[in-house]
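These notes are about the structure you will find just below.
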Amino acid sequence: QVRLVESGGGLVQAGGSLRISCAASGLTFSNYAMAWFRQAPGKEREFVAAISWSADTTYYADVVQGQFTISRDNAKNTVYLQMNSLKPEDTAVYYCAARYRTTASRFHSRHDLEGEYAYWGQGTQVTVSS
């Protein structure tokens, strides 16, 4: 069974940093593009960042570009999201998602769409206090 398990969330003060992780099992991790989405209270789930199966391409939502960094360690079957300069508006449940590798063109066009990702984790809560 495919499982994606997020960890590393918690409470952090504004301006602080946090790194959350997503450990994958039940799939050949290196064959999957990975992404992070988040959902704040009362808001729809939104795209945060994505990384290709080979880690040669990354994408970020405009609002987090320069603030967050996505990375992956295929040897550990884990994708990370390094979050710096956190703001209260970053408070959300953060979800990781996996999509079997596709063409660069399709990934470029659809990396930020929830429907592209077949597998999802349970989410980890990140709360930023002001």
Side-chain angles (χ1 to χ4, degrees):
Q1 182 180 28
V2 174
R3 293 190 66 198
L4 304 178
V5 181
E6 300 95 335
S7 62
L11 178 65
V12 62
Q13 292 184 340
S17 297
L18 200 64
R19 189 176 78 160
I20 56 176
S21 303
C22 174
S25 61
L27 52 74
T28 302
F29 185 70
S30 61
N31 286 340
Y32 285 79
M34 302 295 296
W36 289 96
F37 290 75
R38 68 185 182 186
Q39 187 167 24
K43 302 288 185 64
E44 293 186 357
R45 191 174 299 180
E46 66 177 355
F47 169 76
V48 177
I51 187 166
S52 66
W53 65 274
S54 60
D56 59 351
T57 307
T58 58
Y59 297 97
Y60 297 93
D62 289 344
V63 70
V64 305
Q65 191 145 255
Q67 180 190 356
F68 291 1
T69 302
I70 188 170
S71 62
R72 66 190 296 160
D73 186 341
N74 286 354
K76 296 181 178 179
N77 285 10
T78 301
V79 63
Y80 305 94
L81 187 68
Q82 177 68 45
M83 302 179 288
N84 298 325
S85 301
L86 284 163
K87 311 173 185 67
E89 51 263 44
D90 295 318
T91 295
V93 177
Y94 284 72
Y95 299 89
C96 73
R99 190 230 190 280
Y100 190 76
R101 65 186 182 185
T102 185
T103 64
S105 178
R106 181 176 175 114
F107 189 58
H108 179 77
S109 298
R110 303 173 69 87
H111 60 270
D112 59 345
L113 303 179
E114 293 183 49
E116 285 291 288
Y117 297 89
Y119 303 109
W120 292 80
Q122 83 292 342
T124 187
Q125 176 72 50
V126 173
T127 303
V128 184
S129 63
S130 60

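Please read all numbers here as calculations on a predicted model, not as lab measurements.
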- line: When every non-hydrogen atom of Ala49 is compared with those of Tyr60, the smallest separation belongs to CB-CD2, 3.6 Å
task: Drop me the distance from Leu4's CG to Trp120's CH2, to the nearest 0.5 angstrom.
output: 10.0 Å
- request: Give a yes or no on whether Phe47 and Phe68 share a hydrophobic cluster (residues Ile, Leu, Val, Met, Phe, Trp, Tyr; joining criterion: side-chain heavy atoms under 4.5 Å apart).
  value: no
- prompt: Is the NZ atom of Lys76 crowded by more than 12 outside heavy atoms at less than 6.0 Å?
  reply: no
task: Measure the spacing between CE of Met34 and OH of Tyr117 and express it to the nearest 0.5 Å.
output: 9.0 Å
- prompt: With hydrophobic residues grouped by side-chain heavy-atom distances under 4.5 Å, do Val5 and Tyr119 end up in a single group?
  reply: no
message: Between Trp53 and Ile51, is there shared hydrophobic-cluster membership here, with clusters defined by ILVMFWY side-chain heavy atoms closer than 4.5 Å?
response: no
Show me, pair by pair, the donor-acceptor contacts under 3.5 angstrom made by side chains of residues 11-29, not counting sequence neighbours?
unit_1: Ser17; atom_1: OG; unit_2: Asn84; atom_2: OD1; d: 3.0

task: Determine whether Tyr100 and Leu113 fall in the same hydrophobic cluster, where Ile, Leu, Val, Met, Phe, Trp and Tyr are linked whenever their side-chain heavy atoms lie under 4.5 Å apart.
output: no
statement: Closest heavy-atom pair, Tyr32 versus Ala98, reported as atoms and distance to 0.1 Å, is CD2-CB, 4.0 Å
All N/O donor-acceptor pairs, side-chain side in residues 35-44, below 3.5 Å, sequence neighbours left out:
unit_1: Trp36; atom_1: NE1; unit_2: Tyr80; atom_2: O; d: 3.4
unit_1: Arg38; atom_1: NE; unit_2: Glu46; atom_2: OE2; d: 2.7
unit_1: Arg38; atom_1: NH1; unit_2: Asp90; atom_2: OD1; d: 3.0
unit_1: Arg38; atom_1: NH1; unit_2: Tyr94; atom_2: OH; d: 2.9
unit_1: Arg38; atom_1: NH2; unit_2: Glu46; atom_2: OE2; d: 3.2
unit_1: Gln39; atom_1: NE2; unit_2: Lys43; atom_2: O; d: 3.1

- prompt: Rounded to the nearest 0.5 Å, how far does CG of Leu86 lie from OG of Ser129?
  reply: 10.0 Å
task: Output yes when a side-chain donor or acceptor of Ser30 lies under 3.5 Å from a complementary backbone atom of Asn74, and no otherwise.
output: no
query: side chain to side chain contact (heavy atoms under 4.5 Å, CB included) between Thr91 and Gln125: does it pass, once the steps are laid out?
result: CA-CA 8 Å; Thr91 295; Gln125 176 72 50; 3.9 Å; yes
Which pairs of donor and acceptor atoms, one on a side chain in residues 102-112, lie under 3.5 Å apart (sequence neighbours left out)?
unit_1: Thr103; atom_1: OG1; unit_2: Arg106; atom_2: N; d: 3.1
unit_1: Arg106; atom_1: NE; unit_2: Glu116; atom_2: OE1; d: 3.0
unit_1: Arg106; atom_1: NH2; unit_2: Glu116; atom_2: OE1; d: 3.4
unit_1: Arg106; atom_1: NH2; unit_2: Glu116; atom_2: OE2; d: 2.7
unit_1: His108; atom_1: ND1; unit_2: Tyr59; atom_2: OH; d: 2.9
unit_1: Ser109; atom_1: OG; unit_2: Ser105; atom_2: O; d: 3.1
unit_1: Arg110; atom_1: NE; unit_2: Glu116; atom_2: OE2; d: 2.7
unit_1: Arg110; atom_1: NH2; unit_2: Glu116; atom_2: OE2; d: 3.2
unit_1: His111; atom_1: ND1; unit_2: Phe107; atom_2: O; d: 3.0
unit_1: His111; atom_1: ND1; unit_2: His108; atom_2: O; d: 2.9

message: Side chains of Gln122 and Glu6, heavy atoms from C-beta outward: is any pair under 4.5 Å?
response: yes
